[in-house]
A.B. asks: 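I have a structure I would like to understand better, so I am pasting it below and will then ask my questions one at a time.
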Amino acid sequence: MTASLLSQLSQIVGQAFKTVGLDTSYGMVVPSQRRELGQFQCNGALAAAKQAKRNPREIATEVLTELEKTGLFSELTLAGPGFINIRLMDDFLVGHISDLAEDSYFGCRSRHMPMKVILDYGGPNVAKAMHVGHLRATIIGESLRRLREFMGDTAISDVHFGDWGLPMGLLIREIERRQPDLPYFDAGFSGPYPDNSPVTVEELQEIYPAASARSKDDPAFLESARKATFELQKGRAGYLALWQHMRDVSIAETRTDFDLLGAHFTEWKGEADTNDHIPQMMDRLAKEGYSEVSEGAVVINVAEESDKKEMPPLILEKSDGAVMYGTTDLATIEMRREEHDPNAILYIVDARQSLHFEQVFRAARKCNSIGSDCRLEHIGFGTVNGKDGKPLKTRDGGVVRLRSLIEDAIGEARKVIAETGMSERFDTAELDDISTKVGIAAIKYADLSNQRMSNYVFDLERFTKFEGRTGPYQMYAAVRIKSMLRKAAEQNLTEGRLLATHDAERNLMLAIAALPEAITAAAEKNAPNILCDHVYNLSQEFNSFYHECPVLGEANLDIRASRLCLCGITLRQMEKVLYILGIDVPDRM
RNA sequence: GGCCCCGUAGCUCAGCUGGAUAGAGCAAUUGACUUCUAAUCAAUAGGUCGCACGUUCGAGUCGUGCCGGGGUCGCCA
């Protein structure tokens with residue numbers, strides 16, 4: 001496996017520092033901020049000077065002398081207070097890219113210790129249509145899952161269905177209020193219950209808001225819903241049967257959304273799956289003295305002496321006997337430990353739930369629900385806002401459904417595609433396919449390219465402009481390569497040994513070589529926007545290359561074969577990174 | 001009020017462990033299509049990095065304090 005270009009260079013420069021009596025860590029090399037001065041730079045002489053109390057330029061000069069001996073660099077200069085600017089010999093660069101071409105992971109796995117990671121994202125709820133709030137969780141979560149797989153980790157993704165709290169009681173009572181004759185509410189009914197759901201998912205989506213509203217101005221109704229929730233959790237047969245129906249139709253509905261967004265889950269578990277585990281967990285926590293009764297509820301005190309902020313206890317059992325999502329979250333951690341023994345559990349959930357997760361994580365540590373070697377991390381994200389800067393709403397103030405968001409994007413894409421005159425070239429089926437891919441890519445790239453924690457403005461017109469920093473721009477670059485390679489194949493042209501004959505080629509190679517650092521940084525910070533930056537640079541360098549360097553029409557056969565090879569590796573990397581971002585590239589557009 | 005997140009070009013946003021002249025995209029201006037897809041490329045212009053102190057040879061980046069926006073703070077998820 002090939003080490004990344006930067007790590008190789010850092011090692012070489014580090015060795016030079018060592019030779020002149022300084023620590024190798026000063027040899028860290030980064031891409032140059034000023035391309036006209038070099039391809040890479042090392043600022044270590046400044047830091048070393050501080051430490052050794054010496055003149056930085058003096059140190060840099062000594063290092064330069066060592067580096068010149070290697071014969072790997074075509075240009076080495078000392079600039080400013082002690083910056084070392086570096087340009088590589090073409091052979092070195094070309095050799096490195098040739099090595100990468102042999103590695104389907106472009107050197108990204110070379111220093112990574114594979115681990116087992118559980119990603120918890122998506123988080124749809126029974127009866128509620130998926131809405132804007134689920135967009136980021138799904139897009140970011142899926143991207144992080146693909147990133148993990150790319151790095152060689154075992155990635156387990158769990159949709160963690162919201163199917164066990166008070167909303168279930170509200171639904172049961174509201175349905176009973178409307179259809180009291182259904183057998184589910186008759187405690188004496190001995191079954192069997194009907195095979196078909198008494199409610200459709202569309203009905204549920206109307207019933208839930210109605211029930212929720214009713215609970216707010218009818219305390220008796222709320223009370224009865226609490227009781228129903230409790231009874232459901234205790235296993236009342238009729239309620240369970242009705243719940244199962246509601247859950248089934250809701251899951252079926254969410255699958256459509258997840259399919260559209262390309263989200264893949266290895267597990268379709270939910271809060272309810274913890275129900276059998278909860279009693280023994282509660283027993284243990286009580287017996288070992290972790291939980292206590294406070295104001296009629298069973299809680300775990302998670303405040304610590306050193307806390308500057310207020311830290312409310314985690315409530316495991318409400319005074320009415322029902323459990324809460326903190327309870328199921330804690331139980332889920334224990335069950336995941338037993339089933340998977342993961343190295344990390346990542347929760348891709350709205351940043352507003354950070355307090356909740358801090359409570360749960362503290363409780364899990366305190367109660368030894370999970371080993372200290374397992375990372376627990378809340379990967380929060382900001383809200384999706386409208387043009388007014390406030391969370392996105394429909395015109396009449398309602399919740400924006402995820403489906404309509406996606407459909408709007410595809411519609412917008414279709415419109416722009418029609419304007420380009422593409423309808424002349426492709427048939428309806430292909431146009432549909434391209435519109436879908438473009439629309440989804442527009443949404444995803446716009447979402448992922450923002451820093452996770454920031455809120456962003458959802459502006460379809462801007463996302464689908466197809467100019468500049470958008471998903472479609474990247475797709476377009478990839479499609480151009482595909483088209484060229486197709487033509488090359490038709491003409492029986494073949495790839496050949498890589499050469500560097502033009503700066504546009506060198507710059508493209510440098511962009512390709514930068515992937516490992518982008519992958520590492522993206523994984524460390526759980527930040528897909530770093531990959532968006534990378535693929536954007538790659539597309540830009542390719543487009544420059546495309547304009548300046550003819551490929552198929554190149555007269556020199558060695559250069560032509562080399563350029564074909566470079567196009568091939570560019571496309572392979574582009575498609576891989578776009579795949580991690582969840583973006584599919586059509587063959588033509 | 002406590003705590004968390006955000007504040008960078010007219011707009012939308014990047015900025016890695018503190019380094020040279022703070023970067024992209026959109027919008028504006030100018031050039032490049034008989035040419036491998038112009039959904040592209042090349043160039044110009046645009047800035048008191050919210051404010052003030054502090055640490056440092058050096059701060060958008062680190063520390064403290066303010067200001068502005070958003071979020072959150074015990075039986076919803």
Side-chain angles (χ1 to χ4, degrees), chain A residues 28 30-31 33-34 37 41 43 46-47 49-50 56 79-83 85 123 125 128 162 164-167 170 212 215 226 271 294-299 307-320 322 324-326 328 349-356 358-359 380 382-383 385 389-391 416-417 419-420 422 425 438 446 449-451 453-457 459 462 465-470 472-473 475-477 479-481 483-488 517-518 520-521 524-525 529-530 532-533 536-537 540 543-544 546-554 563 567 588-589:
Chain A
M28 193 182 69
V30 295
Q33 289 180 358
R34 298 179 60 182
L37 299 181
Q41 62 180 313
N43 306 335
L46 290 129
K50 195 176 201 168
F83 300 108
N85 292 314
N125 301 304
K128 290 189 233 174
W164 209 232
L166 180 60
L170 290 169
S212 177
S215 72
R226 287 217 164 98
E271 297 168 345
S294 165
E295 298 173 30
V298 180
V299 305
D307 281 341
K308 278 192 191 163
K309 56 186 168 188
E310 250 180 276
M311 182 56 63
L314 183 73
I315 297 175
L316 294 176
E317 197 177 289
K318 296 190 287 179
S319 41
D320 64 15
M324 295 184 58
Y325 77 136
T328 57
V349 181
D350 194 314
R352 286 175 289 194
Q353 295 201 32
S354 62
L355 178 60
H356 166 74
E358 182 156 12
Q359 291 176 287
T383 55
N385 293 343
K390 291 181 179 155
V416 181
I417 282 168
E419 286 166 14
T420 65
M422 220 187 269
R425 293 192 285 141
V438 166
S449 60
N450 279 285
Q451 209 180 60
M453 292 302 281
S454 307
N455 305 335
Y456 74 91
V457 176
D459 180 354
R462 187 158 58 78
K465 255 193 172 154
F466 308 155
E467 285 161 7
R469 261 197 99 118
T470 63
Y473 172 92
M475 297 167 72
Y476 180 66
V479 166
R480 274 176 147 182
I481 306 178
S483 161
M484 198 164 39
L485 294 181
R486 215 166 24 235
K487 287 211 166 76
E517 278 71 30
T520 306
E524 251 170 38
K525 299 156 116 181
N529 67 305
I530 293 173
C532 290
D533 279 350
Y536 181 69
N537 284 334
Q540 260 192 331
N543 278 329
S544 295
Y546 185 85
H547 273 263
E548 295 188 44
C549 301
V551 181
L552 302 181
E554 172 57 45
R563 287 182 179 164
C567 288
R588 312 189 293 174
M589 66 185 268

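Both backbone and side-chain heavy atoms feed into the values below; hydrogens, waters and symmetry mates do not. Lettering of chains follows the sequences in order, A, B, ..., and the numbering in each one begins at 1.
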A.B. asks: Looking at A:Lys487, I'd like to know whether one of its side-chain N or O atoms comes within less than 4.0 Å of OP1 or OP2 on B:U37.
C.D. replies: yes
A.B. asks: Would you say B:U37 has OP1 or OP2 under 4.0 Å from some side-chain N or O of A:Arg425?
C.D. replies: no
A.B. asks: Heavy atoms under 4.0 Å, any strand shown: does A:Val30 hit a base, just sugar-phosphate, or nothing?
C.D. replies: nothing
A.B. asks: Quick check on B:U37: is either OP1 or OP2 less than 4.0 Å from any side-chain nitrogen or oxygen of A:Asn543?
C.D. replies: no
A.B. asks: Which part of the nucleic acid, if any, lies within reach of A:Glu295 when heavy atoms closer than 4.0 Å are counted: base, sugar-phosphate only, or nothing?
C.D. replies: base
A.B. asks: Counting the atoms with a prime plus P, OP1 and OP2 as sugar-phosphate, which does A:Leu355 contact under 4.0 Å by heavy atoms, base, sugar-phosphate, or nothing?
C.D. replies: sugar-phosphate
A.B. asks: So what does A:Ala79 touch, heavy atoms closer than 4.0 Å: a base, only the sugar-phosphate, or nothing?
C.D. replies: base
A.B. asks: Go through the side-chain N and O atoms of A:Tyr473 and A:Asn543 and say whether any donor and acceptor fall under 3.5 Å apart.
C.D. replies: yes
A.B. asks: In whole angstrom, give me the gap between the C1' atoms of B:U12 and B:U30.
C.D. replies: 24 Å
A.B. asks: Send over the distance from A:Met484 CE to B:U40 C1', rounded to a whole Å.
C.D. replies: 13 Å
A.B. asks: Just the atom pairs and distances: protein N or O near nucleotides 22-26 of chain B's N or O, under 3.5 Å.
C.D. replies:
residue, atom, partner, partner atom, Å
B:G25, O2', A:Arg469, N, 3.3

A.B. asks: For a quick test of reading the model, state the closest non-hydrogen atom pair linking A:Ala488 to A:Leu552 and the distance between them.
C.D. replies: CB-CD2, 3.7 Å
A.B. asks: Whole-Å distance between B:A14 C1' and A:Tyr473 OH?
C.D. replies: 16 Å
A.B. asks: Any side-chain N or O of A:Gln451 under 4.0 Å from OP1/OP2 of B:G15?
C.D. replies: yes
A.B. asks: Select one nucleotide: of B:A14, B:A20, B:U72, the one nearest the side-chain heavy atoms of A:Asn529.
C.D. replies: B:A14
A.B. asks: Would you say the base of B:A20 and the side-chain of A:Asn85 have a donor-acceptor pair closer than 3.5 Å?
C.D. replies: yes
A.B. asks: B:G70, OP1 or OP2 - any side-chain N/O from A:Tyr456 closer than 4.0 Å?
C.D. replies: no
A.B. asks: For A:Ile481 and A:Cys567, which heavy atoms make the closest approach, and how far apart are they?
C.D. replies: CG2-O, 3.4 Å
A.B. asks: Dot-bracket for RNA chain B, please. Rules: Watson-Crick or G-U, both distances under 3.5 Å, ( ) within the strand, [ ] when a pair crosses earlier ones, | for another strand, . otherwise.
C.D. replies: (((((((..((((.....[...)))).(((((.......))))).....(((((..]....))))))))))))....
A.B. asks: Strictly below 4.0 Å: does A:Ser212 bring a side-chain N or O up to OP1 or OP2 of B:A77?
C.D. replies: no
A.B. asks: Nearest of B:G71, B:C5, B:C13 to any side-chain atom of A:Val457?
C.D. replies: B:C13
A.B. asks: Atom CZ of A:Phe83 to atom P of B:G58: distance rounded to whole Å?
C.D. replies: 14 Å
A.B. asks: From the list B:U56, B:A77, B:G74, which nucleotide is the closest neighbour of the side chain of A:Lys50?
C.D. replies: B:U56
A.B. asks: So what does A:Gly165 touch, heavy atoms closer than 4.0 Å: a base, only the sugar-phosphate, or nothing?
C.D. replies: sugar-phosphate
A.B. asks: Output the single nucleotide from B:G74, B:G70, B:C16 whose closest atom is nearest the side chain of A:Asn455.
C.D. replies: B:G70
A.B. asks: Would you classify A:Met475 as touching base, sugar-phosphate or nothing, given that sugar-phosphate means primed atoms plus P, OP1 and OP2, and contacts are heavy atoms under 4.0 Å?
C.D. replies: nothing
A.B. asks: Show each protein N/O and nucleotides 30-34 of chain B N/O combination with a separation under 3.5 Å, one pair to a line.
C.D. replies:
none

A.B. asks: Counting side-chain heavy atoms from CB outward, which of B:C36, B:U37, B:G74 is closest to A:Leu552?
C.D. replies: B:C36
A.B. asks: Could you give the distance separating B:A38 and B:C33 at their P atoms, to the nearest angstrom?
C.D. replies: 12 Å
A.B. asks: Of A:Arg226 and A:Tyr476, whose closest RNA chain B nucleotide lies nearer the 5' terminus?
C.D. replies: A:Tyr476
A.B. asks: Please tell me if the side chains of A:Pro167 and A:Asn125 come closer than 4.5 Å, counting only heavy atoms from C-beta onward.
C.D. replies: no
A.B. asks: Can you check the distance between B:C41 and B:C3, where both ends of the measurement are the C1' atom (answer in whole Å)?
C.D. replies: 50 Å
A.B. asks: Could you tell me whether A:Ser294 contacts a base, only the sugar-phosphate backbone, or nothing, with contacts defined as non-hydrogen atoms closer than 4.0 Å?
C.D. replies: base
A.B. asks: Need one value for A:Ala351: base, sugar-phosphate or nothing, where a base atom within 4.0 Å counts as base even if backbone is also close, heavy atoms only.
C.D. replies: nothing
A.B. asks: How would you label the contact of A:Ser319 with the nucleic acid (heavy atoms, under 4.0 Å): base, sugar-phosphate, or nothing?
C.D. replies: base
A.B. asks: Would you mind reading off the distance between A:Leu37 atom CG and B:G19 atom P, rounded to a whole angstrom?
C.D. replies: 17 Å
A.B. asks: Measuring only the C1' atom in each nucleotide, how far is B:A20 from B:G58? A whole number of Å is fine.
C.D. replies: 11 Å
A.B. asks: Could you work out the separation of B:G19 and B:U34 based on their P atoms and round it to a whole Å?
C.D. replies: 46 Å
A.B. asks: At 4.0 Å (heavy atoms only), tell me whether A:Leu166 reaches a base, stays on the sugar-phosphate, or touches nothing.
C.D. replies: sugar-phosphate
A.B. asks: Pull up the glycosidic torsion of B:C33 and say syn or anti, syn being anything within 90° of 0.
C.D. replies: syn
A.B. asks: Should A:Ser483 be listed as having a side-chain N or O under 4.0 Å from OP1 or OP2 of B:U37?
C.D. replies: yes
A.B. asks: Classify A:Ser354 by what it touches in the nucleic acid, base, sugar-phosphate, or nothing, heavy-atom distance under 4.0 Å.
C.D. replies: nothing
A.B. asks: So A:Arg486, base contact, sugar-phosphate only, or nothing? Heavy-atom distance under 4.0 Å.
C.D. replies: nothing
A.B. asks: Using atom C1' of each nucleotide, how far apart are B:A28 and B:C73 to the nearest Å?
C.D. replies: 47 Å
A.B. asks: For nucleotides B:A24 and B:G47, find the distance between their P atoms and express it as a whole number of Å.
C.D. replies: 15 Å
A.B. asks: Roughly how far apart, to the nearest Å, are B:A14 and B:G2 at atom C1'?
C.D. replies: 32 Å
A.B. asks: 5'-most contact on RNA chain B: A:Val551 or A:Ser449, nearest heavy atom basis?
C.D. replies: A:Ser449
